Amino acid sequence: MQSSATPTHPLARLTADEIDAARQIITAGGLVTDSTRFAYLGLAEPSKDEVLAYTPGAPIDRRVRAVLIDIATGASHIVIASLTKGTVEQVEALDTRTQGQPAIMDDDLITVDEIVKADPGWVEAMAKRGLTDLDQIRPCPLSPGNFGFPGEEGRRLLRVLSFVQHRPDDHPWAHPVDGVVAYVDLIERKVVKLIDHRVLPVPKREHNHDDPAYTGPARTTLKPLDIIQPEGPSFTVDGDEITWDHWRLRIGFDAREGLVLYQIRYLDNGRERPIIYRASVGEMVVPYGDPSPTRFWQSYFDIGEYLIGQQVNSLELGCDCLGEIYYFDAVLPTTKGEPRVVKNAICLHEEDFGVLWKHTDIFTGSSQVRRQRRLVVSYFATIGNYDYGFYWYFYLDGTIQLEVKATGVIFTAPHIPGNPYASQITDEIAGPFHQHLYNVRLDMMVDGLTNAVEEIDAVRVRTGPGNEYGNAFTRSVTRLRRESEAVRDAHPGASRVWKIINPQSLNAIGQPVGYALIPQGGPLLLADEGASVRRRGAFATHHLWVTRYHPDERYPAGEFINANPGGAGLPAYVAQDRSIDGEDIVVWHTFGITHFPRPEDWPVMPVDCCGFTLKPIGFFDRNPALDLPAVTSSHCHPGGGHGAHDHSGHEHGGHEHSGHEHGGHAHGEGSPVQP
Ligand code: NI
């Protein structure tokens with residue numbers, strides 16, 4: 001029962017044939033019954049040394065990792081199967097009392113609906129709130145957390161808050177039902193606890209962002225803005241491998257982690273230099289700050305609990321990205337272990353990004369400018385009310401960035417005057433305070449496997465001998481030598497960065513080459529010491545963690561964060577206190593936003609961004625973008641002479657403006673043109 005597909009790289013994404021073969025192998029191994037669901041199925045990645053030793057054409061042992069759950073008994077297993085050998089290699093039972101539960105599955109949305117609507121107590125609680133048409137109620141399958149409550153140990157639970165949907169095209173988030181929550185056991189298929197704390201009015205007014213009767217007529221002030229690349233994009237794609245300018249990288253897509261980038265390299269004067277072996281957003285948590293008896297437990301780990309990759313959107317050309325777009329489809333498993341294809345899941349395109357460098361010289365008269373450009377690899381996923389975009393950027397000057405965009409609809413509650421834990425959004429609706437905290441796992445490989453991390457702060461120098469006038473300032477450089485020393489927080493007031501260096505690779509002036517992680521330094525997890533979410537989401541209590549590479553250490557909050565009691569993931573990894581000085585290391589960085597919802601976030605939220613930057617510091621010997629061609633007038637004035645829609649004259653590169661009409665204002669020579 002071997003797979004017919006012939007992968008061309010050990011990290012090649014699983015094909016539909018391979019997912020089919022995996023299901024057949026696992027089924028032939030006697031592990032699948034009618035009540036078995038595949039809570040996860042993905043590539044079991046070969047270890048780093050195997051991948052780095054791979055030469056094209058060499059045989060590849062393709063393996064998959066699956067998490068199976070029997071929805072009749074709750075029994076859960078982790079399975080490793082070899083596609084190459086056609087055999088199940090490993091089966092391990094999951095102890096759900098101590099290790100946590102498999103992720104919540106798409107099917108659970110339907111299961112929860114059936115369970116609560118069959119429960120007389122829940123139906124009565126809804127009736128108390130004037131809700132008698134059960135078809136209009138939308139119960140949400142919300143992850144339970146772990147509070148050590150008696151009777152919950154080892155149970156596959158969800159906590160259920162509900163919304164009301166007046167009609168099929170009415171968005172339910174405007175009608176939150178509060179003051180009542182059902183705790184549901186998915187295996188016993190029953191409500192095990194109903195907390196009916198307080199009857200609050202259900203907000204009635206409709207706020208449908210896709211209804212012109214609500215939004216008003218579309219504005220007519222904007223002319224078309226097209227991005228044209230007459231010779232096509234500058235990137236090429238070969239399977240999962242992307243080549244753009246001097247950048248080389250490989251994409252992966254996992255049902256849990258979503259987009260994964262592998263083997264990010266930069267071609268420097270003919271030498272392919274590795275920077276990152278593997279980059280992924282390994283976990284995120286959305287903890288809410290409302291302590292009410294029906295909401296205190298709200299903390300969603302959207303990656304480990306809801307498998308963000310499974311929720312990937314299919315993108316439409318011209319809507320999510322502009323320009324010459326290349327789309328990759330995603331191939332994902334269903335809960336029956338069958339392949340499903342999400343068309344246009346990953347977007348690849350390049351963007352102009354304004355000025356890269358520029359100088360007008362007062363002595364030589366030289367005036368030079370070069371434009372910045374970036375390659376964008378991105379995807380969007382929808383988890384219930386929220387939509388998250390993950391955008392990796394690669395720039396011509398060697399900079400790498402990740403930007404996470406949060407949009408969609410805030411999780412609402414009825415407005416209660418005087419509530420200090422939510423902001424009022426409309427006359428009826430409030431937005432409970434919450435955070436969106438992400439942890440990115442950066443398996444670093446700056447010019448090779450021997451890396452180390454320095455913490456660099458800007459520091460003042462005391463007035464005294466050698467600094468008589470007090471103007472001096474400098475920087476402190478601290479090498480982080482062990483895992484215990486490398487649990488660190490940002491310090492925006494000191495411009496703190498963490499520089500990943502390779503002590504064995506020196507630049508032209510004899511310094512170790514390096515890339516600095518520049519954090520944004522926003523608030524970390526605000527829940528108090530002792531809060532359950534601090535143990536479970538410990539990754540979010542510090543901005544930086546550094547570990548020695550181990551192939552099994554993949555998840556910031558552990559593999560089974562659903563109902564996990566805490567302590568898994570990073571706290572357990574760093575407890576080994578290994579040396580990270582001149583070793584093969586992984587850098588883990590927490591960033592995010594603390595969200596006090598605004599009226600403007602309603603009824604659909606403008607994108608709120610956060611992320612981080614990786615910038616070369618001494619990785620190159622000089623500005624790596626010196627050889628960019630100058631901006632020529634033909635680039636500034638593409639295809640001139642198209643009448644009213646001629647966009648020439650919009651360029652801001654120090655060239656003359658051509659004086660076209662823009663909305664009635666003629667821009668004469670030298671008049672300012674605002675972007
Ligand atoms: Ni938010």
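Both ligands and their constituent atoms are indexed starting at 1 by order of listing. Bear in mind that the values here come from a model prediction, so they are computed numbers and not experimental data. Keep in mind that the numbers below use all heavy atoms, side chains included, and drop hydrogens, waters and symmetry copies.
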| query | In this structure, are over 12 heavy atoms from other groups packed under 6.0 Å from Lys615 atom NZ? | reply |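 Open: at most 12 neighbouring heavy atoms sit under 6.0 Å from NZ of Lys615.
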| task | Please name all residues satisfying ring pair (Phe, Tyr, Trp, His ring centres under 6.0 Å) with Trp602, sequence neighbours left out, ordered by chain then number. | result |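 Trp602: ring pair (Phe, Tyr, Trp, His ring centres under 6.0 Å) contacts with His207.
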| message | Quick check: Tyr395 with Phe353 (ring centres under 6.0 Å apart)? | response |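 Judged by ring-centre distance (under 6.0 Å), Phe353 and Tyr395 do meet the cut-off.
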| query | Is the centre of the Trp588 ring less than 6.0 Å from the centre of the Tyr573 ring? | reply |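 Yes, they do, as the ring centres are separated by less than 6.0 Å.
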| Looking at residues at least two apart in the chain, or sitting in another chain, which of them share a side-chain hydrogen bond (donor to acceptor under 3.5 Å, both in side chains) with Asp601? |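 Asp601 satisfies side-chain hydrogen bond (donor to acceptor under 3.5 Å, both in side chains) with His595, Arg598 only.
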| Selection residues 586-595 - residue pairs positive for salt bridge (Lys or Arg N to Asp or Glu O under 4.0 Å), sequence neighbours left out |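 For residues 586-595: none.
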| query | Do you know how many protein N, O or S atoms are within a distance smaller than 2.8 Å of the Ni ion (ligand 1)? | reply |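 Those protein atoms number 4 in total.
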